[in-house]
Structure formats: C-alpha cells, structure tokens
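Input: a single structure, listed below in structure tokens.
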Amino acid sequence: MGTDWIEHRRGRDGERIGWMEPANEGFVAIDLLGRRRTGIVDWLSAEETLDELGIGYLADPHELRLDNGAWLRVRIAEVSPAAIRVKKDDWGDMTAPQLYYTVPFPVNDDQLRPLST
C-alpha cells in the first residue's frame, strides 16, 4: 500500500471500500485487493468508481495460481493491506478440509484473478 493512498469509506456505514492514489493532477481508484480500477481521474470520479464497485466482488469466486502453476477455485476469506487470505472453495461442505492460502497485497492477476465463467 502506498504511503500516499487516501482511504475511502462508504458513506452509509463507514465500511472501507478502497483508496485513492494521488497521481499527477488527479487520482487513481484502488480496490480492496490493491488493484487499480481507473486511470487518472478527478477526485469525484475516483470516489464514484469505488462507491459503485462496493465490496460485492469480494464474494465472487476467484482462482489462485498454485506453486505448480495450476489454478485453484477459491473464495476470499480476509482482506487487509497486510495480506489477503483465500480459502479453497468447498461449496459449503462442512466436512471438507479447510485449506487457506495467503496472497500478498496488492494482488495481481498472475496470482489471484476473478473466476471466468
């Protein structure tokens, strides 16, 4: 996380939904996984992008690249600027082993990407 990133919280409940990174004469909207979601835009556009994005994408299935190069279907379990924890998707099976992996923040699509359906 950049030291100059400005935290942005959702107005209705104060939930952090991302950051805005100062860049040249504007800002870049950054989501909770540390991914840039805009190019350089004005302050209001960066806020609107993050507000529209929300946090719903965190509940979507993702794919994690394992050390052997294979992709594993996962769900995001925890997100912080320190690290992101994902869990092997077990489709709610309470008897399945709980397998967690830690991904450095910010993520990149070479290690964690939204599942393409």
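This structure is a prediction, so every number in the text was calculated from the model and none was measured.
- In terms of heavy atoms, Gln111 sits closest to Pro104 at NE2-CD, 3.7 Å.
- Taking the side chain as every heavy atom from C-beta outward, Arg75 and Pro61 approach each other to under 4.5 Å.
- The two residues Leu33 and His62 have their closest heavy-atom pair at CD1-NE2, 4.4 Å.
- Salt-bridge formation is not detected for the pair Arg65/Glu63: no Lys NZ or Arg NE/NH1/NH2 atom is positioned less than 4.0 Å from an Asp or Glu carboxylate oxygen.
- Atom CD1 of Ile76 sits about 10.5 Å away from atom CG of Leu64, to the nearest 0.5 Å.
- Note that OG1 of Thr3 is 9.5 Å distant from CD of Glu21, once rounded to the nearest 0.5 Å.
- Of all heavy-atom pairs spanning Thr38 and Ala29, the tightest one is OG1-N, 3.0 Å.
- Residues Leu32 and Arg16 meet the side-chain proximity criterion, which asks for heavy atoms closer than 4.5 Å.
- Ala46 and Phe27 get closest at one heavy-atom pair: CB-CB, 4.2 Å.
- Taking 4.5 Å as the limit, every side-chain heavy atom of Glu25 sits out of range of all side-chain heavy atoms of Ile40.
- Shown here is Asp67, whose CG atom has no more than 12 heavy atoms of other residues, nucleotides or ligands within 6.0 Å.
- Atom CD1 of Ile30 is separated from atom OG1 of Thr49 by 12.0 Å, given to the nearest 0.5 angstrom.
- Residues Trp91 and Arg73 are in side-chain contact: their nearest non-hydrogen atoms beyond the backbone lie under 4.5 Å apart.
- Using a 4.5 Å heavy-atom threshold, the side chains of Pro22 and Asp4 count as touching.
- Of all heavy-atom pairs between Ala77 and Tyr100, the closest is CB-CE2, 3.8 Å.
- In this structure, Arg113 is positioned above the aromatic face of Trp71, its NZ or CZ under 6.0 Å from the six-membered ring centre and within 45° of the axis.
- Listed here is the closest heavy atom pair of Ile55 and Ile17: CG2-CG2, 3.7 Å.
- Follow the hydrophobic side-chain contacts under 4.5 Å out from Val41 and you never reach Met20; the two are in separate clusters.
- Ion pairing between Lys87 and Asp90 holds under the 4.0 Å rule for side-chain N and carboxylate O.
- Side-chain contact between Glu7 and Pro81 is absent, with no heavy-atom pair separated by less than 4.5 Å.
- Side chains of Val86 and Leu72 form no contact here, defined as non-hydrogen atoms less than 4.5 Å apart.
- The residue from Leu99, Val103, Leu112 that alone fulfils the side-chain contact (heavy atoms from CB on, under 4.5 Å) condition with Val74 is Leu112.
- Using the six-membered ring where Trp is involved, Trp19 and Trp5 have ring planes that are tilted, between 30° and 60° apart.
- Side chains of Arg37 and Leu53 form a contact here, defined as non-hydrogen atoms less than 4.5 Å apart.
- The closest side-chain donor-acceptor pair between His8 and Asp51 falls under 3.5 angstrom.
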